[in-house]
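Notes for the one structure printed next.
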Amino acid sequence: MGYIIKPLVTEKMTAMTEKQNKFGFLVRPEANKIEIKNEVEALYNVTVVAVNTCNYAGKSKRRYTVSGLIQGRRNAFKKAVVTLKEGDTIDFYSNI
C-alpha cells in the first residue's frame, strides 16, 4: 500500500467528478493500474470500473535575477483518473 500520494482537487477534476463520476489522484511513478485500483477500493470502500494513468515530465524553469540566471526543474509526477461504479462516490471533504 501507499501508492496514492494525494487526491487531485482542481476545477477540471471537479467538473469530471460531477459529470462522469471520475476522480483524480497523484500516485507514485512505480504504481500500476491494478495496484491503484486495489488501494482506492480499500481506502474509500468503492467499486472501481476503470483506471487511466499518465506520466508527466518535470518542467524546466529559469528566472533572470540581479545576481544572474537561476535554473531549476519541477518534479515529475504520475496522475491516475479513476472511474467509479454508478452510484459510488468519494467525499474528500468529510474530515475537514
Side-chain angles (χ1 to χ4, degrees):
M1 291 285 185
Y3 293 108
I4 294 177
I5 297 171
K6 65 179 181 179
L8 283 176
V9 182
T10 60
E11 288 183 29
K12 186 174 182 179
M13 286 309 306
T14 304
M16 287 178 68
T17 298
E18 292 170 355
K19 294 179 183 174
Q20 303 170 357
N21 206 26
K22 294 184 179 185
F23 295 85
F25 297 94
L26 282 182
V27 296
R28 296 177 61 182
E30 63 270 8
N32 62 30
K33 292 181 181 186
I34 297 168
E35 294 166 340
I36 295 167
K37 176 184 175 182
N38 292 337
E39 188 166 347
V40 169
E41 288 178 345
L43 286 175
Y44 298 106
N45 296 323
V46 294
T47 304
V48 175
V49 176
V51 177
N52 297 335
T53 60
C54 187
N55 285 313
Y56 289 90
K59 291 183 177 180
S60 295
K61 296 288 183 179
R62 58 179 66 123
R63 183 175 65 220
Y64 295 100
T65 64
V66 175
S67 61
L69 180 68
I70 297 175
Q71 291 183 336
R73 191 162 183 85
R74 285 193 180 172
N75 293 334
F77 62 95
K78 186 173 189 176
K79 181 169 80 171
V81 178
V82 177
T83 305
L84 300 183
K85 186 179 81 170
E86 198 65 38
D88 285 350
T89 187
I90 298 173
D91 184 18
F92 295 128
Y93 303 109
S94 62
N95 55 357
I96 292 179

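One-based numbering along the sequence shown.
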- Message: Hydrophobic clustering (ILVMFWY, side-chain heavy atoms < 4.5 Å, transitive) - are Met13 and Tyr93 grouped together?
- Response: no
For residues 66-81, the side-chain hydrogen bond (donor to acceptor under 3.5 Å, both in side chains) pairs (sequence neighbours left out) are Tyr56-Lys79, Ser60-Arg73, Thr65-Ser67
Between the CD atom in Glu39 and the CD1 atom in Ile4, the distance rounded to the nearest 0.5 Å is 4.5 Å
Under 3.5 Å, which donor-acceptor pairs do the side chains of residues 46-54 form with other protein atoms, sequence neighbours left out?
none

Residues pairing under side-chain hydrogen bond (donor to acceptor under 3.5 Å, both in side chains) where one sits in residues 6-16, two or more places apart or in two chains, turn out to be none
The salt bridge (Lys or Arg N to Asp or Glu O under 4.0 Å) partners of Glu86 (sequence neighbours excluded) come to none
Members sharing Val66's hydrophobic cluster, built from side-chain contacts under 4.5 Å between Ile, Leu, Val, Met, Phe, Trp and Tyr, are none
message: Could you see if Val81 belongs to whatever hydrophobic cluster contains Phe77? Use Ile, Leu, Val, Met, Phe, Trp, Tyr and a side-chain cutoff under 4.5 Å.
response: yes
Are Ile90 and Leu43 connected in a single hydrophobic cluster, I mean Ile/Leu/Val/Met/Phe/Trp/Tyr linked by side-chain heavy atoms less than 4.5 Å apart?
yes
Taking only distance into account, with no hydrogens and no angle test, what donor-acceptor pairs under 3.5 Å do side-chain atoms of residues 20-27 form with protein atoms, sequence neighbours excluded?
from: Asn21; atom 1: ND2; to: Leu84; atom 2: O; distance (Å): 3.4
from: Asn21; atom 1: ND2; to: Lys85; atom 2: O; distance (Å): 3.1
from: Asn21; atom 1: ND2; to: Asp88; atom 2: O; distance (Å): 3.3

Note: with side-chain heavy atoms under 4.5 Å as the link, the other cluster members for Leu69 come out as Tyr64
In short, salt bridge (charged side-chain N to carboxylate O under 4.0 Å, His left out) pairs touching residues 29-38 with sequence neighbours left out are Arg28-Glu30
